There are 2 protein chains.
Amino acid sequence: MTTEKRRAPAGAAVLRGEITTAIRRALMQELAAVGYGRLSIEAVARRAGVSKTAIYRRWSSKLDLVLEIVAAAAHGKLPALDTGTLRGDLALLFQAVAHALRHPLASQIIPDLLAEAARNPTIDQTLRQVLHARQQDIGGRLVAHAVQRGELPADTDPDAAVDLIVGPLYWRLAIARLPLTDSYLDNLVESVAVGLGADAALPHPRTPPIGLTGRPTPAEPGTGDAVPLR
Amino acid sequence: MTTEKRRAPAGAAVLRGEITTAIRRALMQELAAVGYGRLSIEAVARRAGVSKTAIYRRWSSKLDLVLEIVAAAAHGKLPALDTGTLRGDLALLFQAVAHALRHPLASQIIPDLLAEAARNPTIDQTLRQVLHARQQDIGGRLVAHAVQRGELPADTDPDAAVDLIVGPLYWRLAIARLPLTDSYLDNLVESVAVGLGADAALPHPRTPPIGLTGRPTPAEPGTGDAVPLR
DNA sequence: CAACGACGGTACGGTTGCGTCCCGACGTGT
DNA sequence: ACACGTCGGGACGCAACCGTACCGTCGTTG
């Protein structure tokens, strides 16, 4: 009976991509403007210039809508992270994170959804997949590379490293919302590198770590040989 | 006419403190449960077991209610922070922060309000007064003490230091929501101290910095003499 | 002891949003 | 050229919440 597929949707009976795009954009703007808690489908439709039906045909609920679109947006490009040095990798990663968080939409949406994840298990799960897992992946590789090169001790905890790497930058950009200068980033790279256990600055003689004005590195600035375990 | 004050409120005509307390508690719970965006006065009144009027008599609006209560709650006690060493101060501060953020209410309310502050100037202003200013104050003193002792370079940027200090812990507790062990805290203290520009571990020979297993400190483990500026 | 006056609680109109149903419009495939 | 079937849009019933007005209650003060 209904197993017979009559015909494939065609002509005017196919979803118009432009409208889907408009909904996506409107959702982002609404999410940034009022947050997930106050988000209303009506407002999204209004802002997108479409009808509510247009949204309900595509997504079954507000949660579906947000999850799908946020997950898609988070699947953006990510740097390769193989500059050859720990500090190079950190600088590249920081630049990418800073660039992403400079986007006013992202800097409002991300903290909002992260807060919402604390009470909505589905959002929490999705964010962990598209954000945390990715961060752990990137952080893990970054650390692994550095360990291979001998820049970091072998038993570096990747999770703790991720905290130390993304924590300060996220705090400054998304929470404190203080300005971010190039010299600040340089200092942060050095601070995090040293904090992770790397030898003091050698590849960046121009900018010392945070507040540290050219402390003479007492250790041999040598070849970054392996950590003498134990 | 009306300039004549008839009588001071007395008897049943005075606000009952128990009800005010119940409203405060209910607000916290509601705030944690649904967030600021979805917060409704009706739900607060329902949870507190009082009438809406009881709330409107005390606060003029939802914003007033939240601001007053949150500001009051944030005026809690804070440690003295004068243990005599940078690492001691850090450990004490981390313990305090961790204790505060372990509170399930706080760990849900704070990120939520911080996200809301991005779009609500009044909330932003209040939070800056009761949270950021306090953090900058604490961080500033912590850094100043360390500089005085010669543990940190003199030109340490207090703002950047605050980022490095609170960022990782906030990230782990409020965002990633990963467990927090004592050894993790020990490692974090060491990492942050070194990242800020302190000499490598001397007062904590038991736990190396994150992932660093007993790298021999090449520098003289000496008396923490002043940083050789320039 | 009686009157006062703000108390807490209920009820109300108005507003907003949800999710659904029905409608005419439209482009493709037969 | 016609029929098909989904499209987008407007309208509807339902539910929740806001902010206020009104009402009986209660402890204090004169």
Side-chain angles (χ1 to χ4, degrees), chain A residues 1-27 29-31 33-69 116 119-120 122, chain B residues 1-27 29-31 33-68 116 120 122:
Chain A
M1 297 305 195
T2 52
T3 24
E4 278 297 329
K5 286 164 62 180
R6 307 303 178 98
R7 205 203 278 187
V14 76
L15 287 171
R16 281 161 57 184
E18 45 180 302
I19 292 196
T20 307
T21 303
I23 295 174
R24 284 205 163 89
R25 179 184 351 233
L27 173 82
Q29 294 175 355
E30 273 295 313
L31 215 45
V34 304
Y36 178 85
R38 281 231 159 109
L39 184 73
S40 78
I41 299 292
E42 300 223 0
V44 173
R46 215 177 301 142
R47 189 189 287 267
V50 303
S51 71
K52 280 195 300 179
T53 318
I55 298 179
Y56 279 110
R57 283 199 203 282
R58 290 167 169 82
W59 297 277
S60 65
S61 67
K62 169 169 128 180
L63 187 58
D64 257 25
L65 172 60
V66 171
L67 288 185
E68 196 259 23
I69 290 185
E116 190 66 25
R119 59 182 85 94
N120 189 322
T122 313
Chain B
M1 297 300 203
T2 52
T3 21
E4 278 298 329
K5 287 166 59 180
R6 306 305 178 98
R7 205 201 280 187
V14 76
L15 286 171
R16 280 160 58 185
E18 46 180 302
I19 292 197
T20 305
T21 303
I23 295 174
R24 283 207 164 89
R25 176 178 358 226
L27 173 81
Q29 294 174 355
E30 274 294 314
L31 216 43
V34 303
Y36 179 84
R38 280 230 158 107
L39 184 73
S40 77
I41 300 292
E42 299 223 0
V44 173
R46 215 177 302 140
R47 188 189 288 266
V50 304
S51 71
K52 281 195 297 178
T53 318
I55 297 179
Y56 280 111
R57 283 200 203 280
R58 290 168 170 82
W59 298 274
S60 65
S61 67
K62 171 170 126 180
L63 187 58
D64 256 26
L65 173 59
V66 171
L67 289 185
E68 194 259 25
E116 190 68 24
N120 189 321
T122 312

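Throughout, a chain's letter reflects where its sequence line sits, starting with A, and its residues are numbered from 1. Nothing here was measured: the structure is a model prediction, and the numbers come from that model.
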- [ ] Take I41(B) and Y56(B), measure what side chain to side chain contact (heavy atoms under 4.5 Å, CB included) needs, and give me the verdict at the end.
- [x] CA-CA 9 Å; I41(B) 300 292; Y56(B) 280 111; 3.9 Å; yes
TODO: Counting heavy atoms from C-beta on, name the nucleotide in dG9(C), dC7(C), dG10(D) closest to the side chain of L15(B).
DONE: dC7(C)
TODO: Quickly work out the D64(A) CG to dC18(C) C1' distance and round it to whole Å.
DONE: 15 Å
TODO: Return the value, rounded to whole Å, for the distance between atom CD of E18(A) and atom P of dG27(C).
DONE: 12 Å
Open item on the list: In this structure, how many angstroms lie between the C1' atom of dC7(C) and the CD1 atom of I19(B), rounded?
Closed with: 9 Å
TODO: Could you check how far CD1 of I55(B) sits from P of dG19(D), rounded to whole Å?
DONE: 11 Å
Task: Gap between atom NZ of K62(A) and atom CD1 of I55(A) - 0.5 Å precision - done: 12.0 Å
Task: Integer-rounded Å distance: dG19(D) P and W59(B) CH2 - done: 15 Å
Task: Whole-Å gap separating P (dC12(D)) and NZ (K52(A)) - done: 13 Å
- [ ] Step through the shown structure and confirm whether more than 12 heavy atoms of other residues, nucleotides or ligands are within 6.0 Å of CZ on R24(A).
- [x] yes
Open item on the list: For a quick check of understanding: with a heavy-atom distance under 4.0 Å over all strands, which category does L39(A) fall into, base, sugar-phosphate or nothing?
Closed with: sugar-phosphate
Open item on the list: Would you say that more than 12 heavy atoms from the other residues, nucleotides or ligands in this model lie under 6.0 Å from the CZ of R47(B), or not?
Closed with: yes
TODO: May I ask you to evaluate whether R57(B) reaches the phosphate of dG19(D), defined as a side-chain N or O under 4.0 Å from OP1 or OP2?
DONE: no
Task: Residue pair N120(B) / L63(B): nearest heavy atoms and the distance that separates them - done: ND2-CD1, 3.9 Å
- [ ] Round to a whole Å and report the spacing from OH of Y56(A) to C1' of dC22(C).
- [x] 17 Å
TODO: Would you classify R38(A) as touching base, sugar-phosphate or nothing, given that sugar-phosphate means primed atoms plus P, OP1 and OP2, and contacts are heavy atoms under 4.0 Å?
DONE: nothing
- [ ] Describe the nucleic acid contact of S40(A) in one word from base, sugar-phosphate, nothing, applying a heavy-atom distance below 4.0 Å.
- [x] sugar-phosphate
Task: Distance in angstrom units between E42(B) CD and dT20(D) P, rounded - done: 13 Å
Task: 5'-most by nearest nucleotide on DNA chain C - T53(B) or R46(A) - done: T53(B)
Open item on the list: Applying a 4.0 Å non-hydrogen cut-off, can you work out what K62(B) is touching in the nucleic acid: base, sugar-phosphate, or nothing?
Closed with: nothing
Task: Side-chain N,O (S51(A)) to OP1/OP2 (dG9(D)) below 4.0 Å - done: yes
